[in-house]
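Working notes for the structure below.
In what follows, every heavy atom counts, from backbone to side chain, and hydrogens, waters and symmetry copies are set aside. Counting convention: from 1, in listed order, for ligands and their atoms alike. As the structure is a prediction and not an experimental result, all values here were calculated from the model.
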Amino acid sequence: MTRLATVDDTREFGRRLATILRAGDLVLLSGPLGAGKTALAQGLGAGLAVQGDITSPTFVIARVHRGALPMVHADAYRLGDRPDPRLEIDDLDLDASADDAVTVVEWGEGLAEHLNEDYLLVRIDRGENDDTRVIDLEPHGGDWAARLEKL
Ligand SMILES: Nc1ncnc2c1ncn2[C@@H]1O[C@H](COP(=O)(O)OP(=O)(O)O)[C@@H](O)[C@H]1O
Ligand SMILES: [Mg+2]
C-alpha cells in the first residue's frame, strides 16, 4: 500500500514500476473514474520510453506505443455493455503482438485476466478529500511477487 500525494507522484510510481516489466507482461489497472489509471499508464510509458502521448484510449479501445519494449495501452471501460465484454486484444488487429509488448489495461479487472496466465493487478483508490491516491499491487501467478520485492 503506497500513498501518492500528487499526480506527479503517481507518474513517478509508474516509472519505477516500469523497471520490473518485460515482454509479454499483462498489467491491469483498476479504480474509479479519475483515480489516476491513465496517469499511472503515462508513468509506465515514460519508464519504458515509448513513443506517443499516452491519453485515455476510451474511444479506440487500444493503442500501440512503439519502443524497445512496446506498450499496448487498452481501456476496457466501454466493453462492459457488450454481451461478451471480455477484451480480445488479438481481435483488435493491432500492429503488435502481446508476446513482444507490455499490455496495460485500464478497467481491466474482470475483463482482461484471460489474456495471460499471470498478471499484475494495480488498484488505485482516491483519498477522502485531497488529491492523495492509495495504490496497491496484487501479484497473480508467475514470478510477480518476487519481482515486486525488487521495487
Ligand atoms: N495523486 C494523484 N494521482 C493521480 N491523479 C491525480 C492525483 N491527484 C490528482 N490527480 C488528478 O486526477 C485525475 C486522474 O485522471 P486519470 O489518470 O485520467 O484517471 P482515470 O484514468 O483513472 O480515469 C487527473 O486529472 C489528475 O491530475
Ligand atoms: Mg483513464
Side-chain angles (χ1 to χ4, degrees), residues 1-67 69-82 84-96 98 101-116 118-140 144 147-151:
M1 204 75 111
T2 306
R3 283 185 185 279
L4 303 162
T6 68
V7 65
D8 285 340
D9 293 336
T10 298
R11 293 201 182 106
E12 185 51 36
F13 187 91
R15 276 178 185 267
R16 270 206 301 130
L17 183 55
T19 63
I20 65 163
L21 298 180
R22 58 179 184 235
D25 280 348
L26 175 64
V27 179
L28 308 183
L29 308 181
S30 91
L33 195 68
K37 298 181 294 299
T38 300
L40 188 78
Q42 288 166 346
L44 291 172
L48 296 173
V50 293
Q51 294 173 22
D53 284 345
I54 292 176
T55 57
S56 200
T58 299
F59 298 103
V60 291
I61 301 182
R63 235 182 237 132
V64 181
H65 294 272
R66 313 226 148 270
L69 179 55
M71 174 169 144
V72 174
H73 180 210
D75 191 319
Y77 185 67
R78 288 181 314 143
L79 299 176
D81 299 336
R82 303 192 313 187
D84 179 3
R86 285 180 308 164
L87 179 65
E88 290 303 346
I89 296 277
D90 289 346
D91 294 351
L92 298 176
D93 209 18
L94 293 176
D95 193 12
V102 170
T103 301
V104 178
V105 187
E106 297 192 30
W107 301 101
E109 194 180 13
L111 298 174
E113 289 84 350
H114 62 283
L115 292 173
N116 199 318
D118 321 312
Y119 59 92
L120 178 67
L121 176 60
V122 181
R123 293 182 192 281
I124 312 174
D125 264 305
R126 306 182 73 130
E128 286 296 298
N129 39 28
D130 56 13
D131 280 352
T132 300
R133 303 294 195 266
V134 177
I135 201 160
D136 190 37
L137 302 177
E138 215 179 274
H140 287 264
W144 276 113
R147 285 155 78 182
L148 292 183
E149 280 172 22
K150 291 190 204 142
L151 270 185

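Shortest contact from atom 3 (N) of ligand 1 to any protein heavy atom: T10 OG1, 2.6 Å. The shortest contact between atom 19 (O) of ligand 1 and any protein heavy atom is with G36 N, 3.1 Å. Nearest protein heavy-atom contact of atom 5 (N) of ligand 1 is V7 CG2, 3.7 Å. The single protein non-hydrogen atom nearest to atom 10 (N) of ligand 1 is R133 NH2, 3.4 Å, given as residue, atom name and distance.
When the heavy-atom distances from atom 1 (N) of ligand 1 to L40, T55, D131 are ranked, the shortest goes to D131. Of the options A39, G34, P32, the smallest heavy-atom separation from atom 23 (O) of ligand 1 is shown by G34.
In this structure, CE on M71 lies 13.0 Å from CD on Q51, to the nearest 0.5 angstrom.
No donor-acceptor pair closer than 3.5 Å links the side chain of R63 to the backbone N or O of H73. Side-chain atoms of D25 do not come within 3.5 Å of backbone N or O of L21 as any donor-acceptor pair. Proximity of a side-chain donor or acceptor of Q42 to a complementary backbone N or O of I54 within less than 3.5 Å is detected. A donor-acceptor pair is defined here as one N or O able to donate and one able to accept, closer than 3.5 Å; no such pair exists between the side chain of D75 and the backbone of W107. Checking side-chain atoms of D53 against main-chain N and O of T55 turns up no donor-acceptor pair under 3.5 Å. In terms of modelled atom types and a separation under 3.5 Å, the side chain of K37 and the main chain of R123 share no donor-acceptor contact.
Note that atom 8 (N) of ligand 1 has protein non-hydrogen atoms nearby, at separations under 4.0 angstrom. Within a 4.0 Å radius of atom 14 (C) of ligand 1, the protein has at least one heavy atom.
Contact between D9 and ligand 1 is absent, with no heavy atom of the residue lying under 4.0 Å from the ligand. In this structure, G31 falls outside the shell of residues with a heavy atom less than 4.0 angstrom from ligand 1.
A side-chain N or O of T132 and one of D130 form a donor-acceptor pair less than 3.5 Å apart.
For residue Y77, no N/O/S atom approaches the Mg ion (ligand 2) to within less than 2.8 Å. Here E106 meets the criterion, with an N, O or S atom under 2.8 Å of the Mg ion (ligand 2).
When each atom of ligand 1 is checked for a heavy atom of E106 under 4.0 Å away, the hits are 21 (O). Within ligand 1, the atoms closer than 4.0 Å to a non-hydrogen atom of L4 are 1 (N), numbered from 1 in the order shown. Ligand 1 places these atoms under 4.0 Å from at least one heavy atom of A5: 1 (N).
The shortest distance between side-chain heavy atoms of F13 and I124 does not fall below 4.5 Å.
Between E113 and R86, no side-chain nitrogen of the basic residue sits less than 4.0 Å from a carboxylate oxygen of the acidic one, so the salt-bridge criterion is not met.
Note: an N/O pair closer than 3.5 Å links T38 and ligand 1 by distance alone. Below 3.5 Å of separation, one finds no N or O of L33 facing any N or O of ligand 1.
In D84, the CG atom is crowded: over 12 heavy atoms of neighbouring residues, nucleotides or ligands sit closer than 6.0 Å.
At a heavy-atom cutoff of 4.0 Å, ligand 1 is contacted by no atom of L29, backbone or side chain.
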